[in-house]
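Below, all heavy atoms of this structure are taken into account, side chains as well, without hydrogens, waters or symmetry copies. Each ligand, and each atom within it, is numbered from 1 in the order the structure gives. Keep in mind that this is a model prediction, so the values were computed, not measured.
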Amino acid sequence: MTTFERRTRRAQSRLDAAGADALALTPGRDCYYLTGVDAEASDRLQLLVVPVDGDPTFVVPTLEADSMTTWVHDVRTWDDETGPGPALDPLLDSLSPSRVLLADRMWVRFSLALRERLPDASFGLASEVLSPLRRRKDGRELDALRAAAEAADATMRDLRALGADAVGTTEADLAAYIEERLEANGGTGVAFETIVGAGANGADPHHASGEREIRAGEPVVLDFGTRVDAYPSDQTRTVVFDGEPSEEFRRVHDVVREAQSRAIAAVESGVTAGSVDRAAREVIEDAGYGDRFVHRTGHGVGLDVHEAPDIVAGNETKLEPGMVFSVEPGVYLPDRFGVRIEDLVVVTDDGGCERLNHTDRRWRG
Ligand code: ZN
Ligand code: ZN
Ligand code: ZN
């Protein structure tokens with residue numbers, strides 16, 4: 001049995017417990033997770049239907065069928081002249097589901113069409129069944145996440161090696177360099193828009209990159225990721241390439257580093273996600289910067305760069321072995337600078353966690 005089929009069988013056993021008869025997924029991460037089909041949603045309906053018992057079925061446009069490689073054998077095709085009805089209707093009739101879980105990110109036009117075709121059914125979200133599966137990574141997923149983290153770590157080392165050469169280049173130049181190095185270090189593309197925030201731009205947690213020049217003595221927030229075997233990396237360092245930064249920057253950087261290491265030390269199977277957020281936030285509050293830590297401490301990472309579990313106050317989700325998430329406290333002083341330090345960790349079954357990122361966390365390594 002392939003990994004993809006094994007996941008589908010597990011999802012089926014959870015469908016029953018969720019009181020649902022079928023999953024209906026359009027292309028996206030959930031569909032990939034169960035079938036290995038890496039397609040983009042398009043205006044032509046492509047639908048994976050996973051019934052509670054028996055084998056799943058794909059309904060796809062004829063012109064997509066040949067390029068699909070998957071363990072799912074039952075692939076029914078439709079042509080532009082007829083539309084999906086002749087392929088889809090008999091399938092839905094034979095299943096006549098009373099409760100269907102739809103991909104969370106299905107286009108509204110497809111979800112409305114399914115509701116029209118199944119007027120007596122009720123609907124829910126596929127994440128109800130798939131999120132508890134997806135948030136615990138298996139060995140193959142962890143290997144991909146480690147490899148993606150290594151590609152990012154190698155790129156961070158390349159960046160630091162620039163030293164004084166980075167001064168005078170722009171954020172956009174550095175972003176282009178990062179993206180070239182991510183590929184050279186084994187990654188594919190970027191996992192999200194590369195963030196290079198120099199000086200005051202670093203105070204905007206999601207500043208992408210622009211024409212601002214890197215200056216000596218100024219901190220630069222560097223947050224980027226790539227993908228390996230479909231899985232992303234996501235880590236951040238705040239670096240001073242050359243010259244001497246301000247006293248306050250040094251102090252804030254120490255605080256954020258301490259917050260991050262306390263949060264990582266708090267990661268343990270069985271504790272709540274919220275308690276990891278608390279561990280980081282306490283350090284930053286005690287230092288007087290509590291109101292400048294303006295985001296959650298972290299987010300789950302898997303096929304999606306942001307997925308469950310959120311490492312946020314009030315999240316009572318208990319950490320389980322195999323969960324992977326970021327730990328990324330930050331302090332942002334508007335018009336001055338920002339500091340964020342981010343690593344991915346995986347919860348292990350021996351009462352702690354493994355870091356996926358291993359590069360120096362100091363502002364100058
Ligand atoms: Zn973010
Ligand atoms: Zn990040
Ligand atoms: Zn992140």
Visitor: Can the ring centroids of F224 and F192 be said to lie less than 6.0 angstrom from one another?
Guide: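 Here the rings of F192 and F224 have centres that are no less than 6.0 Å from each other.
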
Visitor: Between the Zn ion (ligand 3) and D234, is there an N, O or S atom separated by less than 2.8 Å?
Guide: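 A backbone or side-chain N, O or S atom of D234 is under 2.8 Å from the Zn ion (ligand 3).
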
Visitor: Measuring from the Zn ion (ligand 3), name the closest N, O or S atom belonging to E328.
Guide: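 It is OE2 of E328.
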
Visitor: Is the closest basic N to carboxylate O distance between D143 and R140 below 4.0 Å?
Guide: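 A salt bridge is absent here (no side-chain N lies under 4.0 Å from a carboxylate O).
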
Visitor: List in chain and number order the residues that pass side chain to side chain contact (heavy atoms under 4.5 Å, CB included) with E244, two or more places apart in sequence or in another chain; answer none if no residue qualifies.
Guide: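 Residues passing side chain to side chain contact (heavy atoms under 4.5 Å, CB included) with E244: R250, W363, R364.
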
Visitor: By atom name, which N, O or S atom of E342 is the nearest to the Zn ion (ligand 3)?
Guide: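 Within E342, restricted to N, O or S, the Zn ion (ligand 3) is closest to atom OE2.
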
Visitor: For R237, is there an ion pair with D343 - N to carboxylate O distance below 4.0 angstrom?
Guide: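 Salt bridge between D343 and R237, a charged N being under 4.0 Å from a carboxylate O: yes.
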
Visitor: With a cut-off of 2.8 Å, does H299 place any N/O/S atom under that distance from the Zn ion (ligand 3)?
Guide: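 Within the cut-off used here (under 2.8 Å), H299 does place an N, O or S atom near the Zn ion (ligand 3).
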
